[in-house]
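These notes are about the structure you will find just below.
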Amino acid sequence: MVTGPDLSAEDARERYVESVLTVVEQVPPGRVTSYGAIAGVVGSGPRRVGNVLARHGAPVPWWRVVRADGSLPPSHEENARPHYLDEGTPLRSTGAVDMPAAFWDPETRE
DNA sequence: TTGGTGACGGTAT
DNA sequence: TATACCGCCACCA
């Protein structure tokens, strides 16, 4: 078989990206979820999720997606803080998100 | 084609 | 409690 472009695989990748962005959009204001939680829903590893947001995360509320410990890379943390204050997201004195209070599980939607 | 990299996560020290 | 290291896996140069 001639090695043509695998369009099905490319389409699968596109649907995967769309799935991730859809989950992010479903996170309620004032709540956050983690890369790992999204990974569990879309069926992939957490680094994949971060990679997707890095490339296609601009149009979605990316600040509602944080690391498992509730923190974000310093630069993004600066951009996210205003959103947290505006949405009333529970924060800790460290500047990270108060995970036990703010975590939203995309699988149980609570 | 091969190798390096990363918006992470968990475990070990 | 903080730091280091490894595992994972697709994307980019």
Side-chain angles (χ1 to χ4, degrees):
Chain A
M1 196 58 175
V2 183
T3 58
D6 193 337
L7 296 180
S8 64
E10 188 174 346
D11 182 59
R13 182 189 57 178
E14 189 175 341
R15 282 188 289 104
Y16 171 77
V17 171
E18 191 174 349
S19 298
V20 172
L21 298 182
T22 299
V23 174
V24 175
E25 289 177 339
Q26 290 176 351
V27 179
R31 306 291 293 281
V32 300
T33 191
S34 69
Y35 295 96
I38 296 176
V41 173
V42 300
S44 185
R47 290 192 88 139
R48 283 275 288 129
V49 177
N51 209 281
V52 169
L53 288 182
R55 302 185 317 159
H56 309 282
V60 298
W62 53 264
W63 58 87
R64 293 176 193 159
V65 185
V66 300
R67 280 166 45 174
D69 63 353
S71 65
L72 238 63
S75 57
H76 287 164
E77 187 178 322
E78 288 301 315
N79 293 328
R81 183 171 294 113
H83 291 290
Y84 293 148
L85 296 178
D86 181 60
E87 297 178 358
T89 305
L91 299 177
R92 301 185 65 162
S93 58
T94 59
V97 176
D98 185 1
M99 287 305 271
F103 181 70
W104 181 83
D105 191 339
E107 191 165 1
T108 63
R109 303 178 61 81
E110 64 180 319

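- Only one option out of A/Val65, A/Val20, A/Leu53 pairs with A/Val60 in a side chain to side chain contact (heavy atoms under 4.5 Å, CB included); it is A/Leu53.
- Here the P atom of nucleotide C/dC9 and the CZ atom of A/Arg48 are 10 Å apart, to the nearest Å.
- Of the possible donor and acceptor atoms, one in the side chain of A/Arg64 sits under 3.5 Å from a partner among the backbone N and O of A/Val27.
- Of all non-hydrogen atoms in A/Arg67 and A/Met99, the two that sit nearest each other are O-CE, 4.0 Å.
- Side-chain contact, A/Glu87 with A/Trp63: a donor N or O sits under 3.5 Å from an acceptor N or O.
- Interface limits on DNA chain B: the 5'-most and 3'-most nucleotides within less than 4.0 Å of chain A heavy atoms are B/dG6 to B/dG10.
- If you check every strand for non-hydrogen atoms under 4.0 Å, A/Ala68 touches sugar and phosphate atoms only.
- Among the protein residues, A/Gly45 comes within range of no part of the nucleic acid, since none of its heavy atoms lies under 4.0 Å from any strand.
- Both A/Arg55 and A/Arg47 sit near DNA chain C, but only A/Arg47 has its closest nucleotide nearer the 5' end.
- Atom CG in A/Asp69 sits about 13 Å away from atom C1' in C/dT3, given to the nearest Å.
- The nearest whole Å value for the distance from the CD1 atom in A/Ile38 to the P atom in C/dC9 is 18 Å.
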(message) Apply salt bridge (Lys or Arg N to Asp or Glu O under 4.0 Å) to residues A/Arg15 and A/Asp11 and explain how you reach the verdict.
(response) CA-CA 6 Å; A/Arg15 282 188 289 104; A/Asp11 182 59; 3.3 Å; yes
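- A donor-acceptor pair is defined here as one N or O able to donate and one able to accept, closer than 3.5 Å; such a pair exists between the side chain of A/Thr33 and the backbone of A/Trp104.
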